[in-house]
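Following: one structure in structure tokens, then a few remarks.
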Amino acid sequence: MTLSRRARYLLGAASAVTLLFIYLPLLVVIVNSFNPSKVFSWPPRGFSFVWWDKALADVGVRHAVWTSVRAGLGATFIAVVLGSMIAFAVARYTWFGRDAVSFLVILPIALPGIVTGIALNSAFSTVLPYVGISFGLLTVVLGHATFCIVVVFNNVVARLRRAGTSLEEASADLGATGLQTFRHVTFPAIRSALVAGGLLAFALSFDEIVVTTFTAGAGIETLPQWIFNNLFRPNQGPIVNAVAAALVILFILPVYLAQRLSDGTSGGRL
Amino acid sequence: MSQQIADTVEGDESLPRRLSATAYRHPRWRLTGLLSAPLFWLGVLYLGSLLVMLISSLWSTDDFTGAIIRKTSFANYHTLFTQPIYRTVAVRTLLIAVGVTVVDALLALPLAFFIAKVVRTRRMKYILVIAVTMPLWTSYLVKGYAWQVMLDRNGAVDWALKPLGLHGPGLGLPATICALAYVWLPYMVLPVYAGFERLPGSLLEASADLGAAAGRTFRSIVVPMIIPALVAGSIFTFSLTLGDYIMVKIVGGSNQMFANIVYDNIGIAGNLPFAAAAAMFPIVVVILYLAAVRRTGALENL
């Protein structure tokens with residue numbers, strides 16, 4: 001490259017400013033969570049764990065976390081099964097409509113959440129009365145699974161393409177049945193991609209609020225919904241801040257792990 | 001070769017072997033088995049839901065009971081097109097989406113160029129890309145909350161600007177653009193970075209050898225070649241902004257975006273058909289946008 005020294009420094013400085021823009025707000029949230037003040041104030045007036053303790057003991061928070069975990073596990077399970085099935089179909093076979101299906105998988109995450117939310121809401125409120133199911137946790141799981149499929153699909157399809165088919169053919173040539181080949185050859189090859197996709201699907205579901213809002217029944221409150229409902233209550237501010245800081249810190253490990261395990265740098269979200 | 005062996009082991013009559021031999025000879029059956037469940041989910045459940053939404057946007061609700069009347073009419077669309085308030089909010093939302101996209105492009109271009117063409121070691125590149133993508137997975141609400149803490153009156157920005165005698169923009173539409181640009185930034189950086197990685201360094205050197213200064217090379221070589229990647233990123237920033245109603249509630253003061261109309265009609269007014277009709281706005285705009293950018297080759301850059 002033929003950039004002048006000055007241009008390099010300018011680019012470096014601009015990049016540093018952008019990275020600061022990315023991380024500064026998150027840092028402010030973490031620092032502010034140790035602020036003992038009852039009302040919002042910056043800079044913090046001291047250092048204490050008092051709001052962390054209160055957030056941990058808060059019944060609403062605990063209940064919401066448990067709801068989110070159940071919704072996330074359900075959605076992740078469905079997404080892992082369906083996402084890897086489509087990944088096999090797309091990576092291992094050529095068929096009419098393959099490109100359309102790859103597009104269809106991305107659609108629930110490319111369209112704004114409110115579109116997916118309203119669509120599922122219209123469909124559920126039209127169809128569910130006939131089936132005898134009402135809005136509840138199950139409808140949340142169905143909604144979340146729809147947009148979680150794509151991260152599992154992206155991770156597994158990338159792995160299958162990279163792994164190729166020669167090992168599976170060798171296994172078949174050596175007389176293994178389809179099931180044996182899957183258990184001893186294919187599954188070990190895609191295992192870490194499945195884990196990465198599953199972790200990220202769980203993270204995606206754990207963070208979702210829009211689709212949840214439109215598919216949850218009365219009395220169901222996930223953690224994002226709890227945050228949103230308490231965001232505008234001034235006396236809940238410090239607890240919301242502590243929960244937010246906890247989420248920033250807790251998200252780092254699984255997402256970092258998933259990125260190490262997956263083949264792309266975005267972990268398959270793009 | 002493998003076909004012959006599949007035939008020779010057929011003598012073994014155990015069930016798993018017979019099954020796998022059958023499956024081997026009928027790839028179509030295997031494919032159907034693999035596709036049936038996911039296609040039911042995405043094709044019937046998801047696309048079906050979109051279809052139900054489209055149909056229910058033609059229905060209406062009873063003014064007194066709030067019950068849905070399943071009779072087809074274009075009344076909802078007529079209201080959306082004729083009431084000036086909806087036009088105002090639609091234009092405002094489009095402008096916000098354009099603003100967010102421009103801000104993201106301006107932030108992403110130097111950063112992505114720096115990572116792709118200035119940073120030399122692979123390891124450093126990897127670290128920087130991870131640093132940009134990690135926040136993609138941080139909670140959306142936490143990011144919104146973070147900008148509230150930053151920009152609210154007496155927030156961190158006001159505090160930092162005070163010694164200079166300035167104060168921040170406070171909560172409002174600029175704050176909304178800033179927070180949304182923040183949330184969608186990784187969606188812009190990744191495709192643009194990939195675009196710069198594909199840009200051959202020899203082209204830049206050739207341009208310099210022919211006497212072009214850095215600015216000229218940028219205008220005549222870099223920009224034309226990076227546009228598809230920029231457009232690919234803009235599909236996300238644009239589409240996701242169009243459908244967002246939460247950020248404007250957190251940092252937008254009393255302002256509304258178009259998706260708030262959808263949300264309020266479901267929540268407060270309980271008018272599902274009208275909400276469905278309003279939700280068609282982001283869909284139609286996104287489809288028009290996709291059709292417009294198809295020629296740039298952006299869709300292959302996603």
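To find a chain, count down the sequence lines: A is the first, B the second, and so on, and within it residues start at 1.
For the pair A:Asn241 (side chain) and A:Val29 (backbone), a donor-acceptor distance under 3.5 Å is present. B:Trp41 contributes no side-chain N or O that, together with a main-chain N or O of B:Ser36, makes up a donor-acceptor pair within less than 3.5 Å. With hydrogens and angles disregarded, a donor-acceptor distance shorter than 3.5 Å links the side chain of A:Asn230 to the backbone of A:Trp226. Remark: side-chain polar atoms of B:Lys143 are paired, donor with acceptor, to backbone N or O of B:Pro135 under 3.5 angstrom. Within the 3.5 Å criterion, the main-chain N or O of A:Ala245 finds no donor-acceptor partner in the side chain of A:Ser33. Here the side chain of A:Asn32 pairs no donor or acceptor atom with the backbone of A:Pro44 at under 3.5 angstrom. Checking side-chain atoms of B:Lys125 against main-chain N and O of B:Ala116 turns up a donor-acceptor pair under 3.5 Å. Between the side chain of B:Tyr145 and the backbone N or O of A:Ala244, no donor-acceptor pair lies under 3.5 Å. Here the side chain of A:Asn35 pairs a donor or acceptor atom with the backbone of A:Arg45 at under 3.5 angstrom. Between the side chain of B:Tyr263 and the main chain of B:Ile246, no donor-acceptor pair closer than 3.5 Å is present.
For B:Ser56, the part lying under 4.5 angstrom from a heavy atom of chain A is the side chain only. With a 4.5 angstrom heavy-atom cutoff, B:Leu51 does not touch chain A via any of its atoms. Both the backbone and the side chain of B:Pro110 have a heavy atom closer than 4.5 Å to some heavy atom of chain A. Heavy-atom distances place both the backbone and the side chain of A:Ala89 under 4.5 Å from chain B. For B:Leu141, the parts lying under 4.5 angstrom from a heavy atom of chain A are both the backbone and the side chain. Heavy atoms of A:Tyr256 lying under 4.5 Å from chain B belong to its backbone as well as its side chain. Contact of A:Ile86 with chain B is made through backbone and side chain together, with heavy-atom distances under 4.5 Å. Neither the backbone nor the side chain of A:Leu250 comes within less than 4.5 Å of any heavy atom of chain B. Using a 4.5 Å cut-off between heavy atoms, B:Leu50 touches chain A through backbone and side chain atoms alike. For a residue to count as touching a neighbouring chain, one of its non-hydrogen atoms must lie under 4.5 Å from one of that chain's; by this rule A:Thr213 touches chain B with the side chain only. Both the backbone and the side chain of A:Leu120 have a heavy atom closer than 4.5 Å to some heavy atom of chain B. Looking at A:Val105, both its backbone and its side chain come within 4.5 Å of chain B, counting heavy atoms on both sides. Contacts of B:Arg28 with chain A are made by side-chain atoms alone, with heavy-atom separations under 4.5 Å and no backbone atom involved. For A:Val17, no part lies near chain B; criterion is any non-hydrogen pair under 4.5 Å. Using a 4.5 Å cut-off between heavy atoms, A:Pro254 makes no contact with chain B at all. Proximity to chain A involves both the backbone and the side chain of B:Ile250, based on heavy atoms less than 4.5 angstrom apart.
Contact tally against chain A (heavy-atom pairs below 4.5 Å) for B:Ala259, B:Pro282, B:Ala156: the top residue is B:Ala156. With respect to chain A, the highest number of heavy-atom pairs below 4.5 Å among B:Leu111, B:Leu34, B:Val142 belongs to B:Leu34. Listed options B:Ala131, B:Ala275, B:Ala213, B:Ala108 were ranked by heavy-atom pairs under 4.5 angstrom with chain A; first place goes to B:Ala131. With respect to chain B, the highest number of heavy-atom pairs below 4.5 Å among A:Thr146, A:Thr18, A:Leu247 belongs to A:Thr146. No other option in A:Ile22, A:Val255, A:Leu10, A:Leu27 has as many heavy-atom pairs under 4.5 Å with chain B as A:Ile22. Contact count against chain B (heavy-atom pairs under 4.5 Å) is highest for A:Leu104 among A:Val127, A:Val81, A:Leu104. Chosen from B:Ala112, B:Ala146, B:Ser139, the residue pairing most often with chain A at heavy-atom distances under 4.5 Å is B:Ser139. Ranked by heavy-atom pairs under 4.5 Å with chain B, the list A:Leu24, A:Ile106, A:Val101, A:Leu107 is led by A:Leu107. Note on A:Leu111, A:Ile227, A:Leu179, A:Leu26: by heavy-atom pairs under 4.5 Å with chain B, the leading option is A:Leu26. Interface check for chain A: of the options B:Leu107, B:Leu54, B:Leu240, B:Asp244, the most heavy-atom pairs under 4.5 Å are formed by B:Leu107. Listed options A:Tyr93, A:Phe251, A:Phe228, A:Phe88 were ranked by heavy-atom pairs under 4.5 angstrom with chain B; first place goes to A:Tyr93. Per-residue heavy-atom pair counts under 4.5 Å with chain A were compared for B:Gly243, B:Gly155, B:Ala279, B:Ser49, and the maximum is reached by B:Ser49.
Using a 4.0 Å cut-off between charged nitrogen and carboxylate oxygen, B:Lys117 and B:Glu197 do not count as a salt-bridge pair.
Among B:Ile287, B:Val286, B:Val285, the one residue that satisfies the side chain to side chain contact (heavy atoms under 4.5 Å, CB included) test with B:Ser239 is B:Val286.
With sequence neighbours excluded, the residues that form a salt bridge (charged side-chain N to carboxylate O under 4.0 Å, His left out) with A:Arg92 are A:Glu168. Here B:Lys249 pairs with nothing under the salt bridge (charged side-chain N to carboxylate O under 4.0 Å, His left out) rule; sequence neighbours left out.
Between B:Tyr187 and B:Phe236, the ring planes are parallel. Angles under 30° get that label, and only those over 60° would be called perpendicular.
The number of heavy atoms from other shown groups lying within 6.0 Å of CZ (A:Phe232) is above 12.
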